[in-house]
Visitor: 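What follows is a structure written as structure tokens; I'll ask about it next.
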Amino acid sequence: MDLKLAEFVGILRHNGVRIASPEVADAARAIALVGYGDRLQFRDALRATLAKSEPEQHILDTCFDAFFRVDPVVTDREPPSSGAPDSGMAISPAQGGQGQGGAQGHGAQGQGGGPPIPGVPSSPLADALLAGDSTALTLLMAQASAASGQDRIRVLTQKGLFARRLLLAMGVDSLDRELAALDANGTAAAVRRASLLRERLTALRQQVRTAVERNFRLRRDRSDDAALRETDLALLRESDETRAVVRRLARKLIVRHQRRERLALRGRLDVKATLRRNVAHDGALIDPRWRRIRKDRPRIIAVCDVSRSVSQYSRFLLLFLYSLQKVIPRLRTFVFTSPLHEVTALFEREDIDDALDTVMDRYGLGSSDYGRALADFERLALRDIDTRTTVLVLGDARNNRGDARLDLLQKVRRRARQLIWLNPEDRSRWGSGDSEMLRYLTACSHAYACRSLGELEHIVDRLLRTG
């Protein structure tokens with residue numbers, strides 16, 4: 001099988017696409033038929049054989065554009081006057097070009113580098129930089145990328161190291177020796193050639209760093225996600241990167257839960273009924289019987305403390321829950337510091353990031369009053385709670401010495417299917433100071449210390465399984 005196809009399949013699996021070995025074989029056969037010449041046909045062959053759903057097709061398209069992307073290596077600020085579609089350089093002799101003399105001649109005529117300086121050995125990369133053939137040097141970079149082990153990059157801080165390795169594989173050490181010799185020569189022609197080489201080498205270095213960073217983004221190690229999953233949410237600042245991790249975790253739960261739903265629709269094999277049914281067939285199990293599994297989609301009411309001490313946790317919980325809309329379509333949301341407010345319509349109307357900002361601006365950062373919030377919750381939502389409803393409370397239960405109103409929480413518990421409390425504090429602190437957590441614990445079906453994305457993922461997964 002094509003090594004590049006195997007590498008691409010590994011990247012797809014890394015990004016959450018489930019691919020079995022027979023599907024990889026199908027992809028290899030499809031590519032053998034359509035070939036690599038037409039980029040769109042090549043991509044469509046991969047989509048038809050490797051992606052099984054619309055989200056997986058989107059992932060494949062994104063990974064395809066990054067993995068099979070070839071950016072022309074450009075060294076001039078303006079395109080060359082020859083009318084070529086991309087400015088760039090010719091292939092070096094080591095890569096099977098026209099030979100050293102041809103490349104040098106092209107460089108001398110095409111890009112103003114002049115002929116090689118007598119007594120100064122010319123390097124293949126310098127010839128390529130001066131030649132102006134973008135396609136050839138882009139091919140050289142692609143070959144050097146494979147030789148320099150770019151697939152082993154693990155953290156973005158290694159970008160400089162791997163960019164240097166790629167340049168070394170392209171032959172930058174020989175070019176550096178040529179530049180030193182040109183500087184020592186000191187003639188006007190040598191100075192002109194060295195100046196042009198340095199200008200184009202600077203542009204090449206930037207393009208190499210960009211290529212290495214794109215490669216890292218595509219192949220980023222799961223350990224990065226693991227580090228973010230285990231980081232305390234109080235220390236985890238919301239950013240594009242953390243939001244992407246939350247959505248990847250949510251997508252994983254969606255796939256897992258949809259698999260459970262398909263199993264529920266099919267049912268489980270009823271062994272006894274199957275054996276009875278197939279007695280007439282001498283025990284050959286040609287007519288299986290299935291036991292139906294009743295599984296309803298969870299109906300969740302989320303109640304989040306958005307006071308200063310736990311607002312960060314609430315943001316991530318709501319971001320996570322609203323990223324699961326495919327499997328939690330019936331979600332009502334309430335937030336509070338002292339009075340309680342329903343914000344379900346806000347999240348339905350606005351983008352989730354904008355809605356979170358609005359919630360925190362309008363209702364967040366005050367002092368918590370759980371008694372007042374529970375009284376408001378009884379008035380606004382108690383009549384809508386039934387045995388199909390899960391009430392999910394997130395808060396530290398620190399009530400600032402106010403009335404805890406445990407009786408109202410017990411009333412909620414009696415009506416709901418389950419009442420789950422997520423507390424961002426360690427269990428050792430429950431009940432300390434003004435914390436009412438030990439009292440509220442008596443009314444909960446389950447209570448968890450939830451301090452990281454990993455713990456949040458585990459808790460929500462359990463909720464989906466039992467919901």
Side-chain angles (χ1 to χ4, degrees), residues 16 225 228-230 233 243 245-265 293-306 310 312-336 342-344 347-348 352 356 374 377 381-382 384-397 409-410 412-425 427 430 437 440-467:
D225 282 8
L228 290 175
R229 288 175 75 251
E230 301 307 317
L233 290 175
R243 282 192 289 268
V245 172
V246 170
R247 291 188 172 104
R248 278 195 291 273
L249 295 177
R251 185 168 63 242
K252 183 170 71 173
L253 288 187
I254 288 171
V255 170
R256 188 181 304 164
H257 186 68
Q258 287 177 334
R259 195 180 305 136
R260 295 187 191 120
E261 287 185 330
R262 289 194 295 270
L263 176 62
L265 287 173
I293 303 171
R294 178 175 178 80
K295 185 168 181 60
D296 297 325
R297 285 193 167 187
R299 180 178 176 183
I300 297 175
I301 296 180
V303 182
C304 297
D305 182 353
V306 290
V310 291
Q312 185 79 353
Y313 297 90
S314 295
R315 285 186 71 101
F316 279 107
L317 173 66
L318 293 174
L319 177 61
F320 200 88
L321 290 177
Y322 276 94
S323 297
L324 291 166
Q325 288 292 277
K326 286 189 177 180
V327 291
I328 311 180
R330 293 175 292 179
L331 173 63
R332 290 181 67 186
T333 307
F334 296 84
V335 298
F336 71 93
E342 181 168 6
V343 292
T344 308
F347 281 95
E348 292 173 349
I352 184 170
L356 285 171
L374 288 171
F377 187 69
L382 187 65
D384 299 321
I385 297 174
D386 56 29
T387 54
R388 296 171 297 170
T389 306
T390 293
V391 178
L392 185 64
V393 181
L394 184 138
D396 58 8
L409 192 65
Q410 291 170 332
V412 172
R413 173 65 189 99
R414 286 193 292 269
R415 293 180 62 94
R417 176 173 185 170
Q418 56 183 344
L419 192 157
I420 300 174
W421 194 297
L422 308 183
N423 193 320
E425 292 187 341
R427 281 181 175 270
W430 292 6
M437 191 60 210
Y440 288 143
L441 192 59
T442 62
C444 296
S445 309
H446 307 282
Y448 303 98
C450 181
R451 300 180 58 82
S452 68
L453 287 175
E455 292 173 343
L456 181 59
E457 177 197 10
H458 177 68
I459 292 164
V460 174
D461 186 32
R462 289 190 60 176
L463 187 155
L464 291 175
R465 276 185 286 165
T466 59

Visitor: Are the side chains of L392 and L321 in touch, meaning some heavy atoms are under 4.5 Å apart?
Guide: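 A side-chain contact exists here, since the closest heavy-atom pair is under 4.5 Å.
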Visitor: Please round to the nearest 0.5 Å and tell me the distance separating atom CD1 of I352 and atom CG of L318.
Guide: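 Here the rounded value is 7.5 Å.
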Visitor: Can you tell me how far apart CZ (R413) and CD1 (I420) are? Round to the nearest 0.5 Å.
Guide: 9.5 Å
Visitor: Counting C-beta onward and ignoring hydrogens, is there a side-chain heavy-atom pair between F377 and I385 closer than 4.5 Å?
Guide: yes
Visitor: Do F347 and V343 have side chains that approach each other closer than 4.5 Å (heavy atoms only, starting at C-beta)?
Guide: yes
Visitor: Please tell me if the side chains of V335 and S314 come closer than 4.5 Å, counting only heavy atoms from C-beta onward.
Guide: no
Visitor: In Å, rounded to the nearest 0.5 Å, how long is the span from CG of L394 to CG of N423?
Guide: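 L394 atom CG to N423 atom CG measures 8.0 Å (nearest 0.5 Å).
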Visitor: Give, for atom CG of L456 and atom OH of Y313, the distance between the pair rounded to the nearest 0.5 Å.
Guide: 12.0 Å
Visitor: Using a 3.5 Å distance criterion without hydrogens, assess whether the side chain of R388 forms a donor-acceptor pair with backbone atoms of R299.
Guide: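 Checked: no pair found.
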Visitor: Hey, could you give me the CG/CD distance between L419 and Q410, rounded to the nearest 0.5 Å?
Guide: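 Reported to 0.5 Å precision, the distance equals 11.0 Å.
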Visitor: Please report the C-alpha distance between L317 and C304 in whole Å, then the side-chain angles of each, then the deciding distance to 0.1 Å, and finally whether the side-chain contact (heavy atoms from CB on, under 4.5 Å) criterion is met.
Guide: CA-CA 9 Å; L317 173 66; C304 297; 3.8 Å; yes
Visitor: Return the CG to CG distance between L324 and L319, rounded to the nearest 0.5 Å.
Guide: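 Interatomic distance, L324 CG to L319 CG, rounded to 0.5 Å: 9.5 Å.
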Visitor: Is there side-chain contact between Y322 and I328, with heavy atoms separated by less than 4.5 Å?
Guide: no
